There are 2 protein chains.
Amino acid sequence: MAAAQTSPIPEPRIPLSKERVLKTAVVLADQGGIETLTMRKLAQELGVEAMSLYHYVAKKDDILDGIVELVVREINETVSNLNLSPGLDDWKRAMRARILAARQVLLTHRWAPDVLETRTSGSLEVMEYVDGLLRIFKEGGFSYDAAHHAMHALGSRAFGFAQELFEPDGEDDSERDPTAGLEDMADRFPHIVEMLAQISHNDPDSTLGWCDDQTEFEFGLDLILDGLDRLRGAR
Amino acid sequence: MAAAQTSPIPEPRIPLSKERVLKTAVVLADQGGIETLTMRKLAQELGVEAMSLYHYVAKKDDILDGIVELVVREINETVSNLNLSPGLDDWKRAMRARILAARQVLLTHRWAPDVLETRTSGSLEVMEYVDGLLRIFKEGGFSYDAAHHAMHALGSRAFGFAQELFEPDGEDDSERDPTAGLEDMADRFPHIVEMLAQISHNDPDSTLGWCDDQTEFEFGLDLILDGLDRLRGAR
DNA sequence: ACCTGAACACCGTTCAAGT
DNA sequence: ACCTGAACACCGTTCAAGT
């Protein structure tokens, strides 16, 4: 028993490393959201004191950079398996497939869009992803100048997400009538009330629970891609 | 002198009010960015202790809600002066003018887009703005169903801003060569390097310093509006 | 080289107390 | 009714110290 104290069950003391820190951070953010990712909680999850983390990272911002990098790497690995060789005429299909694949990855890391938006610097993984998009544009017949405008037009949609104006309700839809309390507002917001009355936001599969749903995302994406395709032809 | 102590120079003790708190918060955010807006700093600016604020506001989040509301009200006042009566055929011009006017207001409150995105609830001012957009769509010949899709496609662009993938450099452009250090990356990111080489990001008026510049914003906006106009015709 | 404990300078917020 | 002081429960981070 005393011996057990000095050479006990190995106590799987995996050494800390930047990679282990970052991967744990991703798991934590996936589980509890990015706001629950604190240096103290992260350290605790790793069985260590908060200050130990500063041996692998200079500041918390480095961790945010790092976890975004991990996610974008995951995106890059995913899209590299798509094996698309875009010809002149199906650049749109290739672009669409790439962006929707990126979106699927982001849907497993719901904090990622918000954090990605706060990272000003283009990391290596981000550059690699963008380079792949540019390749599709170029092989699709776009000039680099046109491709540049196109990237701006896509904005965050290039990564598979779009900022919505309203959140997707959050609470149980079952409990809430979308038109509740709007009768009294009918004179102030007649068009909103009328729109809600007509469509009632009732697509049965509109419960992705993220900031936009798949159908609307694809609608906006196709609108932009079609527009770009038309510009390409005009040149 | 002793009298001056008991009934001194009026000491313009403007009473606190929710409106004064919010307006001061906007000024503070305009000056130092949203991250410098703390309850303690805001109270200090008002010549009061931090805890006094909780008589006008239940939590800091209410302040964020409130200052967004003030900004969107400013937008609504601005666009209501546009005096557009969109006909069937220039709905696009009306929409464009409205959105670009909103953008001008947001450019004076650079923190606003980020905060706006975090507000999940559609406030009254936001609803009023959206209702105005829906009116333009409707009078332009869109069904409410089409207008609903259109709003999703616009996303944050409806308010005049778009999330960019990279920040606009930040530092002095004069000190930085956009192609610096990219020669060694030419094999890893050939398309990015080539694109930068060709366009060098050198539009002389691309220094708006916000998350996107005016030309690119309008390009993306027109792309979407043109696409929507085409859909409208197809219906 | 790697990890820690105590401390600092901040947060938002609660609570009981002052006028 | 309005404002305050002290305190609490958190942050990220510095620093000197342990092994």
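Because the structure is a prediction, the values reported are computed rather than measured. Letters A, B, ... are given to chains in the order of the sequence lines, protein chains preceding strands, and every chain is numbered from 1.
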Q. Separation of B:Leu37 atom CG from C:dC10 atom P, in whole Å?
A. 16 Å
Q.
Of the options C:dC11, D:dC3, D:dG12, whose atoms approach the side-chain atoms of B:Val48 most closely?
A. D:dC3
Q) Which nucleotide sits closest to the side chain of B:Met51: C:dC11, C:dC15, D:dC15? A) C:dC15
Q) Between D:dT19 atom C1' and A:Glu49 atom CD, what is the distance in whole Å? A) 15 Å
Q. Quick one: is B:Lys41 getting a side-chain N or O under 4.0 Å of the C:dC10 phosphate, OP1 or OP2?
A. no
Q.
Expressed as a whole number of angstroms, how long is the span from A:Gln44:CD to C:dT4:P?
A. 13 Å
(Q) Please enumerate all residues that pass side-chain contact (heavy atoms from CB on, under 4.5 Å) together with B:Gln44, with sequence neighbours excluded. (A) none
Q: Would you mind reading off the distance between A:Glu35 atom CD and D:dG12 atom P, rounded to a whole angstrom?
A: 12 Å
(Q) Once ring-ring contact (aromatic ring centres under 6.0 Å, His included) is applied, what residue pairs with a partner in residues 19-39 of chain B remain, sequence neighbours excluded? (A) none
Q) Listed in order of residue number, which residues of residues 52-66 of chain A have a non-hydrogen atom at under 4.0 Å from DNA chain C? A) A:Ser52, A:His55, A:Tyr56
Q | Listed once per pair and sorted, the salt bridge (charged side-chain N to carboxylate O under 4.0 Å, His left out) pairs that draw on residues 68-80 of chain A, sequence neighbours left out | A | A:Arg73-A:Glu125
Q: Please name all residues satisfying side-chain hydrogen bond (donor to acceptor under 3.5 Å, both in side chains) with B:Lys23, sequence neighbours left out, ordered by chain then number.
A: B:Glu19
Q) Once you round it to whole Å, what is the distance between C1' of C:dC11 and CG of B:Leu42? A) 14 Å
**Q.** Side-chain heavy atoms of A:Ile192 within contact of B:Arg135, under 4.5 Å
**A.** no
Q.
From CE of A:Met39 over to P of C:dT4, roughly how many Å is that when rounded to an integer?
A. 13 Å
Q.
My understanding is that only residues two or more places apart in sequence, or in another chain, count here; which of them pass side-chain hydrogen bond (donor to acceptor under 3.5 Å, both in side chains) with B:Glu128?
A. A:Arg188
Q. Dot-bracket for DNA chain C, 5' to 3', counting Watson-Crick or G-U wobble pairs under 3.5 Å, with [ ] for crossing pairs and | for inter-strand pairs?
A. ||.|||||...|||||.||
Got a list of side-chain donor-acceptor pairs under 3.5 Å for residues 50-59 of chain B, not counting sequence neighbours?
unit_1  : atom_1 : unit_2  : atom_2 : d
B:Ser52 : OG     : B:Glu49 : O      : 3.2
B:Lys59 : NZ     : B:Asp62 : OD1    : 2.9

**Q.** Nearest listed nucleotide, side chain of B:Arg40, among D:dA7, C:dT14, D:dC3
**A.** D:dA7
Q.
I want to check a possible cation-pi pair here: A:Arg157 against A:Phe217, using under 6.0 Å from ring centre and within 45° of the ring axis as the test.
A. yes
Q: Hey, could you give me each pair passing side chain to side chain donor-acceptor pair (under 3.5 Å) that has a residue in residues 25-35 of chain B? Not counting sequence neighbours.
A: B:Asp30-B:His109, B:Asp30-B:Trp111
